[in-house]
Amino acid sequence: MELLKQRILRDGKCPSEGVLKVDNFINHQLDAQLLMMIGVEFARRFAYSRATKILTIEASGIAPAVMTGYCMGIPVIFAKKTRPCTMDNVLQSQVHSFTKDINYNIVVNSEYIKPNDRILCIDDFLAYGSAAESLIDIVTQSGATLVGMGFVIEKSFQEGGKKLRDKGIHVEALARIEELTNEHIKFCD
């Protein structure tokens with residue numbers, strides 16, 4: 001997605017090698033028009049999937065997932081990082097955050113994902129794949145079918161994308177980054 005790549009080059013920040021900050025337009029301050037175009041593109045790329053629901057993780061995945069859900073006309077579920085006392089029947093998985101270097105549990109109310117659902121997972125970043133693996137675990141526990149995974153940005157120099165593709169999962173990334181240093185962002189061809 002050329003517009004996204006141009007925006008990353010213009011407004012993305014690389015404070016240290018391997019780290020990309022896009023918090024001024026993707027995951028803190030939100031550019032709603034760009035996010036709508038992201039939703040349109042994911043809807044186009046996964047039109048074949050017959051997805052019935054979208055699954056993501058709070059908080060950064062919510063915006064692109066909601067825009068995609070709107071474009072596809074299907075509900076969006078986000079895994080919570082804290083289990084509310086009102087949630088009884090949960091699907092649960094553990095995620096390792098490389099950015100924060102902590103493990104945390106994500107939970108989804110089992111009422112919202114049923115075995116007949118076709119789940120499309122959408123998130124902001126794909127790096128090592130820990131969050132993606134946790135979403136897959138939630139889908140597996142529910143008995144639903146995973147129909148694909150979409151990521152706004154993939155750091156292809158980290159192993160997450162390869163691991164998912166090696167499992168036969170249809171993975172789409174709107175901007176795939178091959179190299180990320182303090183002074184240079186290089187996209188995959």
Student check: side-chain heavy atoms of [X] and [Y] closer than 4.5 Å:
X    : Y    : value
L34  : I26  : yes
M1   : K5   : no
K81  : N105 : no
N27  : F125 : yes
H96  : N103 : yes
I136 : T140 : yes
V22  : D124 : no
F187 : L9   : yes

- Query: Are Y104 and L135 connected, step by step, through hydrophobic side chains (Ile, Leu, Val, Met, Phe, Trp, Tyr) whose heavy atoms are closer than 4.5 Å?
  - Reply: yes
- Query: Quick one: do I38 and M67 end up in the same hydrophobic cluster if we chain Ile, Leu, Val, Met, Phe, Trp and Tyr together by side-chain heavy atoms under 4.5 Å apart?
  - Reply: yes
- Task: Give a yes or no on whether a salt bridge exists between K80 and E58, defined as a side-chain N under 4.0 angstrom from a carboxylate O.
- Result: no
- Message: Any salt bridge linking E172 with R44? Criterion: basic side-chain nitrogen under 4.0 Å from a carboxylate oxygen.
- Response: no
Considering only distance and modelled atom types, tabulate donor-acceptor pairs under 3.5 Å from the side chains of residues 146-154, sequence neighbours left out.
from	atom 1	to	atom 2	distance (Å)
E154	OE1	R165	NH1	3.4
E154	OE1	R165	NH2	2.9
E154	OE1	R176	NE	3.1
E154	OE2	R165	NH1	3.0

- Just jot down the salt bridge (Lys or Arg N to Asp or Glu O under 4.0 Å) partners of E179, sequence neighbours excluded, or say none. none
- Message: Tell me every residue that passes salt bridge (Lys or Arg N to Asp or Glu O under 4.0 Å) with K162, counting only those two or more places apart in sequence or in another chain.
- Response: D166
- Residue pair D11 / N24, side-chain donor-acceptor N/O under 3.5 Å: no
- Shortest non-hydrogen contact from L30 to A63? CD1-CB, 3.9 Å
- Query: When you look at M36 and Y70, which way does the side chain to side chain contact (heavy atoms under 4.5 Å, CB included) test go after all the steps?
  - Reply: CA-CA 9 Å; M36 179 54 77; Y70 175 81; 3.7 Å; yes
